[in-house]
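Just below is one structure, and these are the notes that go with it.
All figures in this text were calculated on a predicted structure; none of them were measured in a lab. Proteins come first, then strands; the chains are lettered A, B, ... in the order of their sequence lines, and each starts at number 1.
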Amino acid sequence: MGLIRHNHEALHVSSPQPCDAVSAAGAPSDGTQLAASLLDAWRGEQDVNKCEALIAAIAASQDAARTDALMRIVEEGDAASRNFAILAWQGLPAHEVLRGASLLESAHADARVLALSVLQAAPGRDVEPLLIGLLSTEADVNVCAAAVELVAECGTRAASPALLAARERFAGNEFVAFAIDQALRQTGAGNE
Amino acid sequence: MKILVVDDSATVRMFYRSALAAFPAGIDEAPDGEKALAMALTQDYGLYIVDVNMSNMDGLTFVRALRARHDVMQSPVIMISTQSREQDATLAWQAGANLYLKKPVAKETLQYYVSAMTSRRAKDEQ
Amino acid sequence: MNDGAAMSTPTAGTHISGDDFRKFREFFYRRTGIYFDDSKRYFVDKRITERMELTGSDCFRDYFMLLRYEADAAEMQALVNVMTVNETYFMREDYQFRCMTASMLPEIVKTNPPGRRLRIWSMPSSSGEEPYSIAIHLIESWPGLAEHDVEIVASDIDTRMLEHARAGIYGRRAVQNLSPALLERYFTRLSAGEYQVCQSLRESVRFTRVNLNDPRDTASYKDFDIVFCRNLLIYFDDTSRASAAQTIFRALRPGGFICLGHSESMARMSTLFTVRRFADAIVYQRPLV
């Protein structure tokens with residue numbers, strides 16, 4: 001019973017089955033701590049396909065701590081793992097996406113930029129206040145630029161004061177000025 | 001021949017476009033390496049300006065793919081990144097980039113290098 | 001712009017500026033990976049205008065607020081549907097698959113002779129996302145699969161598409177509607193963001209070349225319980241459409257169903273079919289007698 005199988009020419013698949021990595025991580029007997037054990041497995045894994053499989057498994061787990069695990073991967077991982085973790089995180093429900101905001105507190109500018117990538121998937125009304133806060137004080141030019149872009153997309157006129165403050169803070173930087181002018185236009189500042 | 005700007009930020013692409021407004025042949029844009037490769041396959045570009053950090057095929061992967069193809073014009077590549085560690089520049093050279101710049105790039109800087117790299121080509125072709 | 005006149009021109013509020021288009025394009029690209037170059041301006045503007053009218057948005061900015069600030073998920077999905085009518089991806093228009101397991105198959109099995117295999121035809125199958133989605137959905141959601149054999153035939157006129165479908169290798173965009181769990185279960189990750197449908201699933205779909213307009217091709221396609229013919233007939237002229245509807249009618253077993261694309265209606269094509277309004281979808285049925 002089930003789906004009828006037809007014969008196809010054998011197709012060569014070069015990569016090893018990544019699913020072994022997931023089962024090797026082992027599900028703890030009581031179902032909790034799954035994200036943590038998958039995270040441990042990810043830390044020990046070199047193969048990019050297996051890393052992706054583990055990240056996908058974390059996102060798929062019903063573990064309430066899954067965003068903590070994703071956050072560790074975003075902070076510690078190489079480009080491939082980072083990007084995949086961000087993608088997986090963006091697919092979670094809005095309230096979990098918003099947990100990415102805690103990375104905005106990081107001392108590392110790169111981590112703050114990554115936080116903004118995650119937050120791109122959250123509703124504008126939830127993200128705008130965070131961006132306004134960030135833009136009022138952010139000192140790193142690349143973080144500022146990323147925040148300006150996100151505000152341009154999802155923000156409103158409420159963001160204008162923060163944008164103008166940032167424009168002053170980065171007065172010498174022509175890209176930031178360009179981006180902020182763009183953002184002011186796109187959020188309707190100055191329009192009736 | 002046109003310049004192809006590859007960056008996932010529309011603001012950055014617009015900024016480069018405004019910096020290079022005087023470039024006679026004009027600018028094309030692609031938001032990621034995948035689309036950039038598709039465009040490079042259908043027309044010749046005199047220069048590529050490529051961001052390192054893009055999803056959907058990042059800059060290094062794109063440049064390697066570009067350099068590996070014989071049916072694509074092998075023009076200079078300026079690689080641009082927010083990272084400035086030495087190993088990042090090395091990865092860019094190894095991938096086949098000609099120049100590595102750190103973001104944010106000033107308009108004047110971009111104009112200078114674009115002019116140098118495209119006029120060199122014009123000289124080569126004479 | 002609102003000049004305060006008592007009657008604004010119909011197009012004034014629905015005007016989409018170059019800046020609006022660029023803003024929309026960037027947003028849509030970030031969400032879906034689909035990038036509309038400038039040549040697609042007309043296509044995009046037209047569809048945004050439709051959605052604006054349907055959502056009662058007076059201007060582009062209001063509509064965009066709905067999408068991005070309020071993050072109206074239902075509107076986002078509707079928008080993606082109209083923007084991607086030419087795109088294919090896994091679990092596209094999945095409400096029809098739900099209808100298949102919740103309503104169509106339960107009816108079909110009531111009149112199915114013992115031992116007879118059920119037959120589903122995906123036509124056109126394009127690059128294979130649709131028939132593989134059908135298979136995945138059956139495995140995941142149809143308990144009846146334990147008692148019935150199901151054959152999935154997938155056909156297209158384009159042999160390169162068929163080869164692509166048989167190989168079953170897809171990029172991120174095609175699989176983005178799949179949950180991580182489904183991706184894990186049915187796909188193998190190849191390098192550089194490519195996913196291959198696992199072998200047992202690939203073997204569960206038979207791909208064939210068929211030109212729906214050529215009776216020599218279609219003559220042997222009979223006795224199907226469900227046909228998925230989505231977003232193909234809209235490209236046919238009236239005559240070809242009517243003739244295709246007849247071909248599909250003949251391909252169906254009495255009581256069999258046909259599912260069209262979400263904006264298509266069989267009523268305009270042919271009177272042979274009966275409309276069936278199920279909870280999940282409207283489909284068309286070849287009458288039992």
Side-chain angles (χ1 to χ4, degrees), chain A residues 48 52 55 74 77-91 108-114 116-118 120-121 138-155 163 166-167 170-187, chain B residues 5 7-21 27 29 31-34 49-65 78-85 87-92 94-95 100-114:
Chain A
V48 63
E52 279 195 11
I55 295 170
V74 168
D78 65 5
S81 277
R82 263 196 328 256
N83 285 339
F84 198 73
I86 289 171
L87 211 64
W89 200 339
Q90 288 175 335
H108 302 289
D110 289 345
R112 299 199 295 281
V113 171
L114 294 169
L116 291 169
S117 298
V118 175
Q120 258 176 31
E138 180 58 57
D140 182 281
V141 64
N142 288 312
V143 179
C144 182
V148 167
E149 270 210 302
L150 189 49
V151 160
E153 183 185 276
C154 72
L163 284 168
R167 200 183 194 293
F170 291 99
N173 191 300
E174 38 172 12
F175 176 68
V176 174
F178 181 90
I180 288 175
D181 288 342
Q182 175 75 2
L184 286 165
R185 252 196 321 272
Q186 289 193 331
T187 53
Chain B
V5 170
D7 195 306
D8 58 3
S9 158
T11 310
V12 169
R13 296 196 304 269
M14 247 191 306
F15 180 71
Y16 294 163
R17 187 181 276 283
S18 85
L20 301 173
I27 317 285
E29 300 177 28
D32 59 44
E34 194 183 279
I49 300 174
V50 184
D51 181 36
V52 169
N53 291 318
M54 299 178 290
S55 45
N56 232 21
M57 200 190 284
D58 66 276
L60 290 171
T61 307
F62 165 69
V63 175
R64 285 187 204 113
I78 298 177
M79 209 122 205
I80 304 187
S81 170
T82 52
Q83 316 275 61
S84 62
R85 300 168 306 175
Q87 55 261 50
D88 301 308
T90 309
L91 285 171
Q94 287 170 345
Y100 184 84
L101 298 174
K102 188 173 187 297
K103 257 182 177 175
V105 177
K107 284 190 183 183
E108 233 174 51
T109 310
L110 195 63
Q111 286 158 356
Y112 172 77
Y113 284 116
V114 166

Next item on the list: Only counting residues at least two apart or in another chain, list the ones meeting side chain to side chain donor-acceptor pair (under 3.5 Å) with B:Ser18.
Entry: B:Lys107
Notebook entry, point to check: Who are the side chain to side chain donor-acceptor pair (under 3.5 Å) partners of A:Asp181, not counting sequence neighbours?
Noted result: A:Arg167
Next item on the list: Check whether any side-chain heavy atom of A:Glu149 sits under 4.5 Å from a side-chain heavy atom of B:Asp8, and report yes or no.
Entry: no
Next item on the list: Taking all non-hydrogen atoms of both residues into account, name the closest pair between B:Lys103 and A:Asn142 and its distance.
Entry: O-ND2, 3.6 Å
Note to self: Is it true that A:Gln182 and B:Thr11 share a donor-acceptor pair across their side chains at a distance under 3.5 Å?
What the structure shows: no
Check: So what's closer than 4.5 Å to chain B heavy atoms on A:Ala179: side chain, backbone, both or neither?
Finding: both
Next item on the list: For atom CD of B:Gln87, decide whether the heavy atoms of other residues, nucleotides or ligands shown that lie under 6.0 angstrom number more than 12.
Entry: yes
